[in-house]
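Both counts, for ligands and for their atoms, begin at 1 and track the order of listing.
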Amino acid sequence: MPTSAPPVRLAVLVSGSGTNLAALLEAIDRDPAFGAEVVVVGADREDAGGLRRAEDRGIPTLARPLASGDDRGAWEARLRRDIEAHDVGVVVLAGFMRILTATFLDAWPQRVVNTHPSLLPAFRGAHAVEEALAHGVKVTGCTVHLVDEEVDHGPIIAQEPVRVADDDSAASLHERIKDVEHRLLPASVAALCQGLLEVDGRHVRWRTPAPPSRQEHA
Ligand code: GRF
């Protein structure tokens, strides 16, 4: 009888409300073939809503705040050690608002995934939605990518457009982008964990099944 591979052990890092974490957990619950389980949720702030969501589900959490003046390298090294202690295979940045360098990333080469609320390479950084709106673009969207040492830069796993409405606020536009992230991030993590992604330099190719369907969200 063929034996199936054990689920990939995921760490999810959050800074905010954790709706992307919730979407990932729901997708894992829904799909017995997802191929992953969340074994720890970390945050850079004690009050991150994502930590409460994890606690509610009995998932171990760790809060590692970084105060100004703290040694960043030491903070990253500790975060890495704390996550490694959970024997994690893939790290998902789901609204984690800290830059991670090789000190952390070297532990999981091509195995750290981020979701970003713009169509990269446009509007990198922490204010992507506000900047897209201020620039007057008609279409923005979201990008799920592998993390490298440059901010919002690594090989792109999936992207999907979202139309900007004339009367959008940053909040209304971000909500529609998040609706897409909630589908694209779990699909991308599942593909990575199931070995369906081939990474060739900047290019990520999906083996069958194809990437999640592309739709425009008005
Ligand atoms: C997402 O839009 C993510 O792309 C951005 O922060 C947001 C996090 O939302 N970096 P949530 O905490 O998952 O609700």
Who are the residue neighbours of ligand 1 when the rule is a heavy atom under 4.0 Å from any of its atoms?
Gly16, Ser17, Gly18, Thr19, Asn20, Gly95, Met97, Thr115, His116, Pro117, His174, Lys178, Glu181

Determine the sole option in Val113, Val189, Asn114, Val204 for which the side chain to side chain contact (heavy atoms under 4.5 Å, CB included) test with Val144 is passed.
Val113

Salt bridge (charged side-chain N to carboxylate O under 4.0 Å, His left out) partners of residues 129-153, not counting sequence neighbours, each pair once:
none

With sequence neighbours excluded, give me every ring-ring contact (aromatic ring centres under 6.0 Å, His included) pair touching residues 138-188.
none

Using a side-chain heavy atom cutoff under 4.5 Å and only I, L, V, M, F, W and Y, what cluster partners does Val112 have?
Leu13, Val39, Val40, Leu62, Leu66, Trp75, Leu79, Ile83, Val88, Val91, Leu93, Phe96, Leu100, Phe104, Leu105, Trp108, Val147

Determine whether Thr115 and Asn20 satisfy the following criterion, side chain to side chain donor-acceptor pair (under 3.5 Å), listing intermediate values before the conclusion.
CA-CA 9 Å; Thr115 177; Asn20 279 286; 4.9 Å; no

Is a side-chain N or O of Asp31 found less than 3.5 angstrom from the main chain of Ala33, in a donor-acceptor match?
yes

